[in-house]
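Have a look at the structure below, then the notes.
In this chain, residues are counted from 1 in sequence order.
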Amino acid sequence: MPAASPRPALDLRAVIKAYDVRGLVGSQLDAGVVRAIGAAAAEVLGVVGSSMVVGHDMRASSPELVAAFAEGVTGAGGDVTVIGLCSTDGLYYASGALGVPGAMFTASHNPAAYNGIKLCRAGAKPVGQDSGLAQVRELAQSYLDGDAALPSAQRPGTTSHRDLLGDYSAHLRSLVDLSASRPLKVVVDAGNGMGGLTTPAVLGEAAGLPALPLDVVPLYFELDGTFPNHEANPLDPANLVDLQRAVLEHGADVGLAFDGDADRCFVIDERGQAVSPSAITALVALREVARARAAHPGSDSGPEPVVLHNLITSRAVPELVEAAGATAVRTRVGHSYIKGEMARTGAVFGGEHSAHYYFADFWGADTGMLAAMHVLAALGESDVPLSGLTAAYDPYAASGEINSTVGDAAAVTARVRAEHEAAGASTDTFDGLTVSSPDEVSPWWWFNLRPSNTEPLLRLNVEGQDAATMERVRDDVLAAVRA
């Protein structure tokens, strides 16, 4: 590969964030920068004298950046196994199954001009600012600034290639049995992202795997990192419109929407209505609790199964989990925190409001496809439509995430906190500011106000016991935030 062009000094704090690497290709991420990050990752993740696995999404810049990263790793003395095109959970599968650190090249749902890297330790264990990413940034920065030379091992590592898509598919099939499902028509919107590769492999007639009673209607399965149809970000309702229309047109039982790297999955019911990720969290959680108990029948001495939920998921999640006799544990938002808690608590499952779902049987990592399979299995076992199946998991009214641009997020948050404490509300600062109605107030409500890590934004989420209560609290808080 030709040497990278001379470039101005780059402050890696602009691209190495709390959970991953993310930046504009060319101006922030190029072969030289990624080579330095690869060398640093090899050192910090213990790959020198060992090996790691690397995969990538469908972005045009990914193959070149993967090659540069591999040069950095092998130059430092580590071996690289390149698994090529894969979803992020496909990379986590490879890290877990092979027992080696991993690097996934993706910018998830970001526009085509971006790319990035998600790193993990062996067994798909998370790498965030507090678990190695800050050290990777500091070491890579020293290489880019010329304060240290890129490592040149006496025995450079090697690069090999391996296809693990079939093994990934077989592993997921082993965790959820869909063979006895009633016939289901399923529309899947891959958004031109990696779901276009993984859906046929897992839910279709993959080589060596039996056919499933699913009629899959593909929408935007062509891998195209320019995202010609819509952004691969199902969190934005505008990007669900095509799927909602297709579900109605085809008379489908369910619609599934994956983001660009297919680690998140959003669900549409037979009416074309979005199903809350909190409802999906509760549905899958109860299935995983039942599964954990079935694995240890007659055991009364062991601890109850644990389910994690971030603090923005519906109050219904811990209520339903605890009603099932399991333990619900509240966590901060963010995959590195939740994966750490999965390991610490031995949780069987964890869910986030952003449609990330974490499974003990998947090395504690998040996988949108496995969550989708649980939804299909639950629906296939039921004689009611998806809207009826999920109604019990979604009894309250939620605002969804609402962003407000503010000049001083800390000052605005402090003002909102003071106003509500003066009125008798309870507050905590576990992750941003969470305010809950006083105990004697009925109907109850709560809201969370969190600053963005990267933009001058405050993110508001509100839930109320009924829609009128939620809307009143939402409007009052927004008025205070935007005053």
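Within the 4.5 Å cutoff, no side-chain heavy atoms of P305 are placed close to those of E288. Looking only at side-chain heavy atoms (C-beta outward), Q129 and R137 come within less than 4.5 Å of each other. At least one side-chain heavy atom of L91 sits under 4.5 Å from a side-chain heavy atom of I83. No side-chain heavy atom of Y114 sits under 4.5 Å from any side-chain heavy atom of H109. Between D253 and L379 the shortest side-chain heavy-atom distance falls below 4.5 Å. You'll find the side chain of M52 reaches within 4.5 Å of the side chain of V73, heavy atoms only. Side-chain contact between N403 and L458 is absent, with no heavy-atom pair separated by less than 4.5 Å.
Contact check on R264 versus D259 returns a salt bridge, with a Lys/Arg side-chain nitrogen under 4.0 Å from an Asp/Glu carboxylate oxygen.
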Does the pair T331 and E341 meet the rule for a side chain to side chain donor-acceptor pair (under 3.5 Å), with working shown? CA-CA 8 Å; T331 75; E341 284 293 283; over 6 Å; no
Please lay out, stage by stage, how R287 and E381 fare under the test salt bridge (Lys or Arg N to Asp or Glu O under 4.0 Å). CA-CA 12 Å; R287 287 178 57 85; E381 296 163 2; 3.4 Å; yes
Determine, stepwise, if the pair V217 / V188 fulfils side-chain contact (heavy atoms from CB on, under 4.5 Å). CA-CA 6 Å; V217 179; V188 180; over 6 Å; no
Test F447 against L460 for side-chain contact (heavy atoms from CB on, under 4.5 Å), laying out the working first. CA-CA 7 Å; F447 69 83; L460 173 66; 3.9 Å; yes
Could you go through the side chain to side chain donor-acceptor pair (under 3.5 Å) check for T367 and D89 one step at a time? CA-CA 5 Å; T367 162; D89 64 324; 2.7 Å; yes
Side chain to side chain donor-acceptor pair (under 3.5 Å) evaluation trace for E463 with S399: CA-CA 6 Å; E463 184 174 54; S399 66; over 6 Å; no
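Between T106 and D57, the side chains place a donor N or O and an acceptor N or O closer than 3.5 Å (distance only, hydrogens not considered). Residues N115 and S62 bring a donor and an acceptor atom of their side chains to less than 3.5 Å of each other. For the 3.5 Å distance criterion, the side chains of E352 and Y358 qualify, holding a donor opposite an acceptor. A donor and an acceptor atom, one from each side chain of Q141 and R13, are nowhere located under 3.5 Å apart. Using modelled atom types and a 3.5 Å distance limit, the side chains of D263 and T88 yield no donor-acceptor pair. No hydrogens or angles considered: nothing links the side chains of S87 and D261 as a donor-acceptor pair under 3.5 Å. Side-chain contact check for D189 and H230: at least one donor-acceptor pair (N or O, by modelled atom type) lies under 3.5 Å. Side chains of D242 and Y220: a donor on one and an acceptor on the other come within 3.5 Å. Side-chain polar atoms of N310 and R330 form no donor-acceptor pair below 3.5 angstrom.
A292 approaches V348 most closely through the heavy-atom pair CB-CG1, 3.9 Å. Contact between L209 and A201 at its shortest, heavy atoms only, is CD1-O, 4.0 Å. Here the shortest heavy-atom pairing between V80 and V54 reads CG1-CG2, 3.7 Å. Shown here for Y19 and S336, the closest heavy-atom pair between the two residues is CD2-OG, 3.5 Å. Residue L240 comes nearest to A257 through the heavy atom pair CD2-CB, 3.7 Å, listed as atom of the first residue, atom of the second, then distance. When all heavy atoms of G191 and F227 are compared, the closest pair comes out as O-CD2, 3.5 Å.
Residue R271 qualifies as enclosed at atom CZ: its count of foreign heavy atoms under 6.0 Å is above 12. Summarising the local packing, CD of Q244 is surrounded by more than 12 heavy atoms from other residues, nucleotides or ligands at distances under 6.0 Å. Other residues, nucleotides and ligands place no more than 12 heavy atoms under 6.0 Å from the CZ atom of R162. Around the NZ atom of K125, the shell of radius 6.0 Å holds no more than 12 heavy atoms that belong to other residues, nucleotides or ligands.
The one candidate from V307, V289, L286 that meets the side-chain contact (heavy atoms from CB on, under 4.5 Å) condition with F349 is V307.
Here the straight-line distance linking atom CG of D163 with atom SG of C86 works out to 10.0 Å at 0.5 Å rounding. Between the OG atom of S276 and the NE2 atom of H353 there is a distance of 10.5 Å, given to the nearest 0.5 Å. The CZ atom of F221 sits 10.5 Å away from atom CG of N192, with the distance rounded to the nearest 0.5 Å. Taking CG from L172 and CG from L175, the interatomic distance works out to 6.5 Å, rounded to the nearest 0.5 Å. For the atom pair L29 CG and I37 CD1, the distance stands at 6.0 Å (nearest 0.5 Å). Separation of atoms CG (L256) and CD1 (I268) is listed at 9.0 Å; rounding is to 0.5 Å.
Note: F359 and H374 have parallel aromatic rings, judged against thresholds of 30 and 60 degrees for the angle between ring planes. Using the six-membered ring where Trp is involved, F362 and Y168 have ring planes that are perpendicular, over 60° apart on the 30 and 60° scheme.
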